[in-house]
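The residues of the chain are indexed from 1 along the displayed sequence.
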Amino acid sequence: MGIGMRRADPRELPAYTILEVAHYLAVPPATVRYWAVGRGSYAPLIVTPEHSPVLLSFLNLTELHLLASIRRVHDVKMPSIRKAIQYLEQRARREIDRRHPLVSRDLETDGVDLFAQEYESLINLSKAGQTAMREVLDAALSRIERDPNGIPVKLYPFTRADDMVDAPAMIVIDPNLSAGRPVIAGTGLAVQLVAERYKAGESINDLVQDYERSHEEIEEAIRCELPVAA
């Protein structure tokens with residue numbers, strides 16, 4: 001590495017196709033493309049790496065995790081989301097937070113209330129809607145593990161669309177493990193491998209014994225990769 005050259009942060013490198021992100025977040029690919037690439041005269045909501053074809057980074061994945069979480073309980077209004085994101089960008093004190101305001105350190109602290117207030121004022125949420133918005137934001141942010149600088153290092157994706165607040169966090173996406181693909185937390189065991197063996201006809205009990213993991217972990221791995229099967 002030459003003098004003065006900075007090693008690229010793996011969290012910002014192009015790594016995931018739109019289809020992969022859609023699969024991990026249980027969001028239609030067309031929606032992920034709209035959020036990440038834009039459509040017609042509408043700009044994207046996030047800043048992605050320069051790459052053709054489009055590939056998203058780990059930080060992009062965590063940003064869309066937050067948007068996808070809001071989308072599950074609210075009809076996401078794109079103009080309102082854009083304005084709320086711009087609000088966060090204007091408040092950002094660091095360059096990385098301006099590039100990725102949806103997962104900025106500010107949002108993790110007092111930013112949740114500020115983002116929610118800004119978003120709510122734009123779409124006029126009811127009292128119940130305001131409470132639900134904060135619960136969703138808190139639940140989504142709690143599944144992002146950060147380094148000492150407040151930058152995301154791991155994402156524990158939701159595997160159950162009907163239970164975000166109390167959903168277990170047994171599956172993790174770590175850009176430094178298994179090429180950034182989902183694994184069972186605390187291991188390097190890729191959920192894709194577990195799911196492939198399950199699809200091939202092996203029982204959950206067989207997989208539990210073979211991998212020496214709990215029933216819950218194996219079931220979550222299968223649910224992550226094959227949402228309807230577990």
Hey, are the side chains of L55 and P49 touching, using non-hydrogen atoms and a 4.5 Å cut-off?
no

Rounded to the nearest 0.5 angstrom, the CD-CG distance for Q86 and L45 is 10.0 Å

Is there a path from I173 to I18 through hydrophobic residues (I, L, V, M, F, W, Y) whose side chains come within less than 4.5 Å of each other?
yes

Any chain of hydrophobic side-chain contacts (each under 4.5 Å) joining Y156 to I171?
no

S104 backbone acceptor or donor facing R94 side chain under 3.5 Å
no

Is the side chain of R11 donor-acceptor paired with the backbone N or O of D9 at a distance under 3.5 Å, no angle test?
no

Looking only at heavy atoms, which two atoms of R82 and Y42 are closest? And how far apart?
NH2-CB, 3.6 Å

V191/V183 under side chain to side chain contact (heavy atoms under 4.5 Å, CB included): CA gap, chis, key distance, verdict
CA-CA 5 Å; V191 302; V183 300; 5.6 Å; no

Passes side chain to side chain contact (heavy atoms under 4.5 Å, CB included), V32 versus L25? Steps please.
CA-CA 9 Å; V32 172; L25 302 180; 5.6 Å; no

E89, CD: over 12 other non-hydrogen atoms inside 6.0 angstrom
yes

Report the C-alpha separation of L56 and L61 in whole Å, then their side-chain angles, then the decisive distance to 0.1 Å, and conclude whether the side chain to side chain contact (heavy atoms under 4.5 Å, CB included) test is met.
CA-CA 7 Å; L56 279 61; L61 176 62; over 6 Å; no

Check for a donor-acceptor pair, side chain of H65 on one end and backbone N or O of P157 on the other, with a separation under 3.5 Å.
no

Please enumerate all residues that pass side chain to side chain donor-acceptor pair (under 3.5 Å) together with N176, with sequence neighbours excluded.
none

With the threshold set at 4.0 Å, does a side-chain nitrogen-carboxylate oxygen contact exist between E220 and R223?
yes

Is the backbone N or O of I151 less than 3.5 Å from a side-chain atom of N149, with the two atoms forming a donor-acceptor pair by type?
no

Decide whether I222 and V208 are clustered together by the hydrophobic rule: side chain heavy atoms of Ile, Leu, Val, Met, Phe, Trp, Tyr closer than 4.5 Å, transitively.
yes

Does R197 come within less than 4.0 Å of D210, counting only side-chain N to carboxylate O?
yes

Are more than 12 heavy atoms from other residues, nucleotides or ligands located less than 6.0 Å from atom CD of E95?
yes

Rounded to the nearest 0.5 Å, the CD1 atom of I204 sits from the CD atom of E217 at a distance of 13.0 Å

Straight-line distance of R98 CZ to R93 CZ, nearest 0.5 Å
10.5 Å

Considering residues at least two apart in sequence or located in another chain, which fulfil the ring-ring contact (aromatic ring centres under 6.0 Å, His included) criterion with H100?
none

Please work out which of the three classes, parallel, tilted or perpendicular, describes the rings of Y16 and Y24, given edges at 30° and 60°.
perpendicular

Cluster check V21, V153: I/L/V/M/F/W/Y, side chain < 4.5 angstrom
no

Within this structure, what is the CG-CD1 distance for the pair L189 and I184, rounded to the nearest 0.5 Å?
4.5 Å

Starting from I85, can I reach I46 by hopping between I/L/V/M/F/W/Y residues whose side chains sit under 4.5 Å apart?
yes

Could R99 and E12 be called an ion pair, given the rule that one side-chain N must be under 4.0 Å from one carboxylate O?
yes

Nearest 0.5 Å, please: how far is OG in S214 from CE in M170?
5.5 Å

Side chain to side chain contact (heavy atoms under 4.5 Å, CB included), that's the test. Do V194 and E225 meet it? Break it down for me.
CA-CA 9 Å; V194 177; E225 192 65 20; over 6 Å; no

Looking at Y34, I'd like to know if the NZ or CZ of R39 sits under 6.0 Å from its six-membered ring centre while staying within 45 degrees of the ring's axis.
yes

